[in-house]
Each structure stands twice: as C-alpha cells, then as structure tokens.
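Encoded as structure tokens, the structure appears first; notes follow it.
Sequence lines set the chain letters: A, B, ... in the order given, protein chains first and strands last, and positions in each chain run from 1.
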Number of protein chains: 2
Amino acid sequence: MAYRKTERVEARLADNRKRILDAARRLVSEGGWSEAQISHVASAAGIATGSVYRYFPSKADLCVEVLSVVSQREVDVLEAIANNAEAAYQTLHVAVSAFVERAMRNRRLAYALIAEPCDREIEEARLVYRHAISKQIMRIVKDGQASGDFRADLDPSIAATVIVGGFMESLIGPLSPLNTDFDRSGSEGPEAVHALAGQIAEVCCAAVAVYPDKIASLDTHQRRHA
Amino acid sequence: MAYRKTERVEARLADNRKRILDAARRLVSEGGWSEAQISHVASAAGIATGSVYRYFPSKADLCVEVLSVVSQREVDVLEAIANNAEAAYQTLHVAVSAFVERAMRNRRLAYALIAEPCDREIEEARLVYRHAISKQIMRIVKDGQASGDFRADLDPSIAATVIVGGFMESLIGPLSPLNTDFDRSGSEGPEAVHALAGQIAEVCCAAVAVYPDKIASLDTHQRRHA
DNA sequence: AAAAGAACTGAACTATGGTTCACTCGCTGA
DNA sequence: TCAGCGAGTGAACCATAGTTCAGTTCTTTT
C-alpha cells in the first residue's frame, strides 16, 4: 500500500543529485558563479528547472555545496601535509606551494572559490573554509615554533592569517580572468607555475622562519633561481 | 540668447555632485554596497532618483568614484610613508600598521572597499587600487633590498603581493560584519587596534627582513608584548 | 515679463533570474 | 492491470533595482 522507494529509484535520485552538483561545478569552473543559474544547471544536468528544487532548497544551498566539496578537498590535502610533519620549514613550503599549484591547475574554479564576487551566503561559506585552511597553516606554524624552526615571538594565529592572505592574494593576479598580465607573459607551463609557487612559498616561509638561511636546506628545484 | 550657466548655478551643480558622492559614501560606510541604491543615495542627497543620472552615467560609475576617492587617499598615505624612507624595516612597519589602523577606524567602509561582495565594475576598480597599494609596498621592499635591510633573493613583486594580501586578509576577520569573533573579544579600543596593527605589521616585516633581530630596534610600543 | 533652455522629478519601464505550482508522468504494491 | 504516490516539468510568477522620459520647475536672457 505505502509507496516505498526501491533501491533502483534511490540510486536514480542519488545520481540526479550528483549530476546536478557536477553540472554546477562544471559550469562554475567554466564561467564562474554567473554561469551557475538554476536553469543552466538544470539543463546541463539533463533535468527541468523545477526539479533542481527537489534536491536543493535554494540556489544558495546548491552553490554552497559546490564550494564545500571542492574546498574541503583542499583542506584535507593541507591537513595531510600538516600531519606529515618533518621539518616545519619544509612542511610550510610544501603546503603553500601545493595549494598554489593545485589552484593553478583549475584556475577559473579556483578564482570563483577564492575571489570572485558572489552573494552573501557563498561568501560566508568561503570564510568558513578560509578559516579551516588558516587553521591547518597555524598548526604548521605552531609545530615550527615548538621545534624552534619558527619565531616564537609571533602570534601563530596572526601569522597564519597573514600567510594565507599572502598566498591567496598572490593567486588572485594569476587566476583572475580580468587580469591579462599573466596570460601575456606566456608563463603558462607547469614549469612556470612551479616556479611561481616556489617563490610564493618562500616569502610565506620567510614570514615565520627564524633564519632565512634555512632556505639553503631546500631542494634547489623548489627555489627561485637567483 | 544662448543660455549660459552662471557661477551660482555652476556652484550648485558642483555641490549637488558632491552631495551625491558624499551620500553614497556615507551609505556605503553604514551598510555596505547594498545600501548604495540609487534611490537611497538620491534621497540621502536630497534630490530625486532621476537627477542622479545628470551627474553620473550609471550606478557603477558612481560607486567606482566613491571607491576611487577613498582608496586614492590610502594610496597617497602609503606613498608619503614610502617616500619618507628611513630604515626600510621601520618604514614597512609603519606603512602596514598605518593602513591597518586607518581601516579599523572606519570598519564598515573598509570592509566594503576591501572585501565585500560587489559587482564586476567595482571589483575591477578595487584591483586597480590594490595594485597601486602593492606598488608602494614594493617600493619599500626594493629600497630595503638595496640597503641590505631586506633579503635580496626574494622577488620584490611577489613579496609585496604577499605582504599586501597578508595584511588585507588579517583585516577581513576584524572588519567583517559577518564575523562576531572580534566584537565578542571586546578588543575594540584604540589600544587593542594598535596592538593588532603592530602584530600584523611585524609578521609582514618578517617576510622580507634579513634578520628577525632587527625587531629589537623598534619602539617597544609598536611591538607585541611577549 | 516672457520665451527658451536647462535641470529636476518620480512613476513607469525594463531586465534579470530565483522560485513556485498546477499538471503530467512513471513507479510501487496489490 | 490499476489506484495512489512521489518525481518531474517548465511556463508563469515575483521581487529587486537600475534606468528612462514626459511633464514640471527653475534660470537665463532679452
């Protein structure tokens, strides 16, 4: 008598939800938030506009979930790096350069998640993940302070915030669709990206390192050639 | 025969324009960009909605001008600090802490200009001024590198970007109307703001300084008490 | 004072895009 | 097979806010 969802239907519903999320993410990573209109997302997912609302209560919820999924992966990556704590300097260097290189691999998406104008609810979610990222960086900073690799006199929370802001800002230029400087310079290759990431990481590390000389112990490949 | 604007009228028109700009700035500094609706601005300026379009071709132009006026003043302040170059470390410290303290004096406005969601045209203007700020910081960094106060092996452009991003990010938390952490902590007084500015500046300086010890030469008041 | 030109007015227009809902379709269970 | 229920549909609805413009008021000039 009672209608009971069969496994098959359950699977189809789950698949629909996933298709909506994937479509939204794809659209955002192609053209930013403005492409993530419900009607676009729906047709990209192969369903009708109204059906989206069977899976997500509002556009904001959908967008926030897109952001969350992608951002959480980055937080996880940083957490893994922070856990695998060897020398703090190297750990911080790897964390920053990994983040930069990963962002550069999907620039449009990274730009949307990091810097693109968006509405309040997305902005709030963005802040949450920025904070989570900052927390991982702070862990590395604290470890380094404990081991004596990093200056103990700096407030680790502020240091972490400055570092996060620093590499985020450094990304905005290269990521921004508005900015043509980076594209013009032809520094598109993975080689150039790697070099850029290394330089950014170096400055970030310097902000907390006890002695700049520490740098000498880094793989030369990761360093800016003088 | 031909109609000729008398001085009196000319003055009134100029005054109207100024009143519109002032009203817009006041509204933005009270409630952010969303308050800067043409109808609001018009009534705040004591004129009709349509009249605004006698002075500004579009809302975007008006908003960009509001942003420009305020941002340019900050750039000018930084330029003056950068010009008055004594020891690079102190110069950079003063530049960063001055920026932070000035922003904290009008938080809502600073938040709108620095971080609040806004439309493309405002965002573009924002990038222009961020770049101008970065340029001034870069001058200080280069001077410091030349004098040997700052590490010569860092790319000054990247270092400046990281520094600017660093203190901007550090501001977002305290400035954000979304964030209640800062308000809760009761750290509202000028004393607390000064301390915060000093800490942020210290981390930024550390990013480029040759030796952290340099800090010892700073006025103790500007430093975080251990 | 009166014609002419400019400024002012604000209600109406418009564009955008999220959200709804009356309806149809397709599963489920008997 | 068929009654009943949830899923799917997409055109219509609505809310917001920027922009326009025909009519009105104020200034200038003769």
Side-chain angles (χ1 to χ4, degrees), chain A residues 1-21 23-24 27-28 31-66 116-123, chain B residues 1-21 23-24 27-28 31-67 112 116-123:
Chain A
M1 182 90 144
Y3 181 93
R4 192 95 190 95
K5 277 180 202 160
T6 165
E7 207 171 271
R8 181 174 194 75
V9 170
E10 204 88 62
R12 193 194 61 207
L13 294 187
D15 181 62
N16 277 353
R17 191 173 201 282
K18 189 174 176 309
R19 286 224 315 288
I20 294 170
L21 269 176
L27 287 171
V28 171
W33 295 115
S34 63
E35 287 303 304
Q37 291 167 33
I38 296 293
S39 56
H40 287 196
V41 171
S43 71
I47 60 174
T49 307
S51 302
V52 172
Y53 288 86
R54 297 232 151 236
Y55 300 89
F56 299 91
S58 72
K59 184 197 178 182
D61 288 75
L62 169 57
C63 288
V64 164
E65 189 155 337
V66 167
E116 194 183 16
C118 59
D119 56 19
R120 175 166 300 280
E121 275 151 306
I122 299 178
E123 183 72 22
Chain B
M1 180 86 145
Y3 180 93
R4 193 94 192 99
K5 277 180 202 161
T6 162
E7 208 172 272
R8 181 174 194 72
V9 170
E10 203 87 63
R12 195 194 63 205
L13 295 186
D15 181 63
N16 277 354
R17 192 173 199 284
K18 190 174 176 308
R19 286 223 316 287
I20 294 170
L21 269 176
L27 287 171
V28 171
W33 295 114
S34 63
E35 287 303 304
Q37 292 166 33
I38 295 294
S39 56
H40 288 195
V41 172
S43 71
I47 61 174
T49 307
S51 302
V52 172
Y53 288 85
R54 296 230 148 237
Y55 300 89
F56 298 92
S58 75
K59 184 197 177 179
D61 288 76
L62 169 57
C63 289
V64 166
E65 189 156 338
V66 167
L67 181 138
E116 193 182 18
C118 59
D119 57 18
R120 175 165 300 279
E121 275 151 306
I122 299 178
E123 184 72 21

Query - All side-chain hydrogen bond (donor to acceptor under 3.5 Å, both in side chains) counterparts of A:S43, not counting sequence neighbours - result: none
Query raised in the report: Which whole-number value in Å describes the distance from A:K59 NZ to C:dT16 C1'?
Result: 11 Å
Query - Length of the OH-P vector between B:Y53 and D:dA17, whole Å - result: 13 Å
Query - Closest-nucleotide 5' rank along DNA chain D - winner of B:A60 and B:E7 - result: B:A60
**Report entry** Rounded interatomic separation in angstrom, taking CD from A:Q37 and P from C:dG17
**Finding:** 4 Å
Report task. Using whole Å, report how far CD1 of B:I20 lies from P of C:dA7. Result -> 13 Å
Requested in this report: Only pairs at least two apart or in different chains count here, so list each side-chain hydrogen bond (donor to acceptor under 3.5 Å, both in side chains) that has a residue in residues 46-62 of chain B.
Outcome: B:N16-B:Y55, B:S58-B:D61
Requested in this report: To the nearest Å, give me how far apart CG (A:D119) and P (C:dG17) are.
Outcome: 13 Å
Requested in this report: Mind checking A:S58 for me? I need base, sugar-phosphate or nothing, with any heavy atom below 4.0 Å counting as a touch.
Outcome: sugar-phosphate
Query - Heavy-atom pair of closest approach, residues A:L62 and A:V41 - result: CD2-CG1, 4.2 Å
**Report entry** Listed partners of A:S34 passing side-chain contact (heavy atoms from CB on, under 4.5 Å), at least two apart
**Finding:** none
Report task. Calculate the interatomic distance between B:D15 atom CG and C:dC8 atom C1'; express it in whole Å. Result -> 15 Å
Query raised in the report: For B:R19, which residues count as a salt bridge (charged side-chain N to carboxylate O under 4.0 Å, His left out) partner, sequence neighbours excluded?
Result: B:D15
Query raised in the report: Looking at residues at least two apart in the chain, or sitting in another chain, which of them share a salt bridge (charged side-chain N to carboxylate O under 4.0 Å, His left out) with A:R17?
Result: A:E65
Query - B:E121 CD to D:dG18 P, straight-line distance once rounded to whole Å - result: 12 Å
Heteroatom pairs (N/O) under 3.5 angstrom, protein to nucleotides 8-12 of chain D:
{"residue": "D:dG8", "atom": "OP1", "partner": "A:N16", "partner atom": "ND2", "Å": "2.7"}
{"residue": "D:dG8", "atom": "OP1", "partner": "A:Y55", "partner atom": "OH", "Å": "3.2"}
{"residue": "D:dG8", "atom": "OP2", "partner": "A:Y55", "partner atom": "OH", "Å": "2.9"}
{"residue": "D:dG8", "atom": "N7", "partner": "A:R54", "partner atom": "NE", "Å": "3.3"}
{"residue": "D:dT9", "atom": "OP2", "partner": "A:A48", "partner atom": "N", "Å": "2.7"}
{"residue": "D:dT9", "atom": "OP2", "partner": "A:S51", "partner atom": "OG", "Å": "2.8"}
{"residue": "D:dG10", "atom": "N7", "partner": "A:G50", "partner atom": "N", "Å": "3.1"}

Query - Rounded interatomic separation in angstrom, taking CD1 from B:I38 and C1' from D:dT19 - result: 9 Å
